[in-house]
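Since we're looking at a predicted model, the values are computed, not measured.
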Amino acid sequence: MTLPPNGFKAALRDRRPIIGLWLAMADAYAAELAGYAGFDWLVVDGEHGPNDLRSIMAQLQALQGSPSEVVVRLPVGETWMIKQALDIGARSLLIPMVDSAEQAQALVRAVRYPPDGIRGMGAMIARASRFGTVADYAERAKDDICLVVQAETRAAMADIERIAAIDGIDGVFIGPADLAADMGFPGNLGAPEVQAAIEKGIAAILKAGKPAGILTFDEKLNRRYLELGASFVAVGADVAEFSAALQRLSSRYRQADVNEDRTPPSY
């Protein structure tokens with residue numbers, strides 16, 4: 001048995017513009033629904049979404065037949081978390097709060113088997129290798145796994161070219177909300193200083209020869225980032241879209257109730 005190629009990694013390598021969605025509901029049924037909504041890639045969020053290892057695995061299983069590629073964001077870049085996520089079948093990882101090239105290099109070693117890294121050899125009895133039925137899994141894993149790191153602090157932006165230049169880093173994803181907060185503008189992504197830093201960061205990533213990514217809920221900003229060369233852009237989150245849709249639905253009926261003439265009928 002062989003594994004299909006990692007389409008997300010291929011898209012990053014080819015710099016094809018791909019549009020993504022954040023999955024924070026921590027629910028396999030909701031993830032499966034999103035998988036048929038037309039997005040190129042989906043992020044199962046283990047940092048801010050209430051996910052654990054089993055709920056992440058359930059979503060990977062639900063999305064296995066989906067046309068959308070799946071990326072798993074871990075809470076932190078701990079080696080043991082990376083090992084477990086890879087063993088349950090995650091092939092594309094997004095690691096938050098990577099502030100230096102040295103930290104990025106350590107993450108590369110965490111996703112690779114010896115002698116190139118320190119990943120433990122247990123995947124042959126795990127879902128990653130289809131429970132040992134992919135005979136050459138260990139040999140192919142290095143080329144199949146996609147590692148994206150998040151730059152979301154002033155320290156990261158200062159070292160972003162070195163981070164992007166690390167062999168084994170497949171892309172750099174700018175985290176605008178945390179960056180804005182670290183710059184002294186919490187909740188204000190539109191601050192000119194923040195936007196200047198983001199645009200400079202995208203240019204630096206591209207200069208280093210790697211693809212750049214970002215997430216905002218602002219369509220105008222997202223289109224601007226695509227124009228600047230960001231190739232993997234996430235444009236929303238399932239929780240936000242679901243909440244907004246329900247609020248729109250309920251508000252239509254609340255408004256109807258307000259406008260309705262409740263004068264008792266005359267007999």
For [X] versus [Y], what's the shortest heavy-atom pair and its separation?
X: Arg91; Y: Pro4; value: NH1-O, 2.6 Å
X: Gly35; Y: Ser68; value: O-OG, 3.3 Å
X: Ala191; Y: Phe185; value: CB-CD2, 3.8 Å
X: Asp45; Y: Arg73; value: OD1-NE, 2.9 Å
X: Arg127; Y: Gly89; value: NH1-CA, 3.9 Å
X: Arg140; Y: Thr2; value: NH1-CB, 4.0 Å

List in chain and number order the residues that pass side chain to side chain contact (heavy atoms under 4.5 Å, CB included) with [X], two or more places apart in sequence or in another chain; answer none if no residue qualifies.
X: Ala155; answer: Asp99, Thr153
X: Ala141; answer: Tyr113, Arg119, Tyr137, Ile145
X: Ala62; answer: Ala28, Glu32
X: Leu246; answer: Phe242

Applying a strict under-4.5 Å side-chain criterion to I, L, V, M, F, W and Y, I'd like to know whether [X] and [Y] cluster together.
X: Leu33; Y: Leu42; result: no
X: Ile118; Y: Val76; result: no
X: Met81; Y: Leu23; result: yes
X: Leu53; Y: Val70; result: yes
X: Leu21; Y: Val235; result: yes

Quiz item: When clusters are formed from ILVMFWY side-chain contacts under 4.5 Å, directly or step by step, what else is grouped with Trp22?
Solution: Phe8, Leu12, Ile18, Trp41, Val43, Val71, Leu94, Val148, Phe173, Leu215, Phe217, Phe232

Quiz item: Leu189: which other cluster members, linking ILVMFWY side chains closer than 4.5 Å, directly or transitively?
Solution: none

Quiz item: Just wondering, are more than 12 heavy atoms of other shown residues or ligands nearer than 6.0 Å to CD1 in Ile125?
Solution: no

Quiz item: Crowded around Tyr29 OH? As in, over 12 foreign heavy atoms under 6.0 Å?
Solution: no

Less than 4.0 angstrom from a charged side-chain N to a carboxylate O is my criterion; do [X] and [Y] meet it?
X: Arg13; Y: Asp170; answer: no
X: Arg16; Y: Asp14; answer: yes
X: Arg223; Y: Glu219; answer: yes
X: Asp159; Y: Arg162; answer: yes

If you define the side chain from C-beta out and look only at heavy atoms, does anything of [X] sit under 4.5 Å from [Y]?
X: Ile82; Y: Glu78; result: no
X: Ser92; Y: Asn6; result: yes
X: Ile88; Y: Leu60; result: yes
X: Leu226; Y: Ile19; result: yes
X: Leu179; Y: Met157; result: yes
X: Lys142; Y: Val111; result: no
X: Glu69; Y: Cys146; result: no

Partner residues of [X] under the side-chain hydrogen bond (donor to acceptor under 3.5 Å, both in side chains) criterion, sequence neighbours left out:
X: Asp182; answer: Arg154
X: Glu152; answer: Gln150
X: Ser243; answer: Gln247
X: Gln61; answer: none

If you round to the nearest 0.5 Å, how far is [atom2] of [Y] from [atom1] of [X]?
X: Lys9; Y: Leu147; atom1: NZ; atom2: CG; answer: 9.0 Å
X: Thr216; Y: Asn222; atom1: OG1; atom2: CG; answer: 3.5 Å
X: Arg109; Y: Thr79; atom1: CZ; atom2: OG1; answer: 9.5 Å
X: Phe131; Y: Ser129; atom1: CZ; atom2: OG; answer: 8.0 Å
X: Ser250; Y: Arg254; atom1: OG; atom2: CZ; answer: 4.0 Å
X: Arg224; Y: Ile198; atom1: CZ; atom2: CD1; answer: 11.5 Å

Quiz prompt | Pairs involving residues 65-89, ordered by first then second residue, that meet ring-ring contact (aromatic ring centres under 6.0 Å, His included) (sequence neighbours left out) | solution = none

Quiz prompt | Gln105 and Asp167: side chain donor to acceptor below 3.5 Å | solution = no

Exercise. Indicate whether the side chain of Tyr225 and that of Gln195 have a donor and an acceptor atom separated by less than 3.5 Å.
Key: yes

Would you be so kind as to tabulate the donor-acceptor pairs closer than 3.5 Å made by side chains of residues 201-211, with sequence neighbours excluded?
residue: Lys210; atom: NZ; partner: Ala164; partner atom: O; Å: 2.7
residue: Lys210; atom: NZ; partner: Ile166; partner atom: O; Å: 2.9
residue: Lys210; atom: NZ; partner: Ile169; partner atom: O; Å: 2.8

Quiz prompt | Stepwise side chain to side chain contact (heavy atoms under 4.5 Å, CB included) check, Val134 with Met124 | solution = CA-CA 8 Å; Val134 179; Met124 296 311 293; over 6 Å; no

Self-check item: Step-by-step side chain to side chain contact (heavy atoms under 4.5 Å, CB included) determination, Ile163 to Val149
Solution: CA-CA 9 Å; Ile163 292 171; Val149 295; 3.7 Å; yes

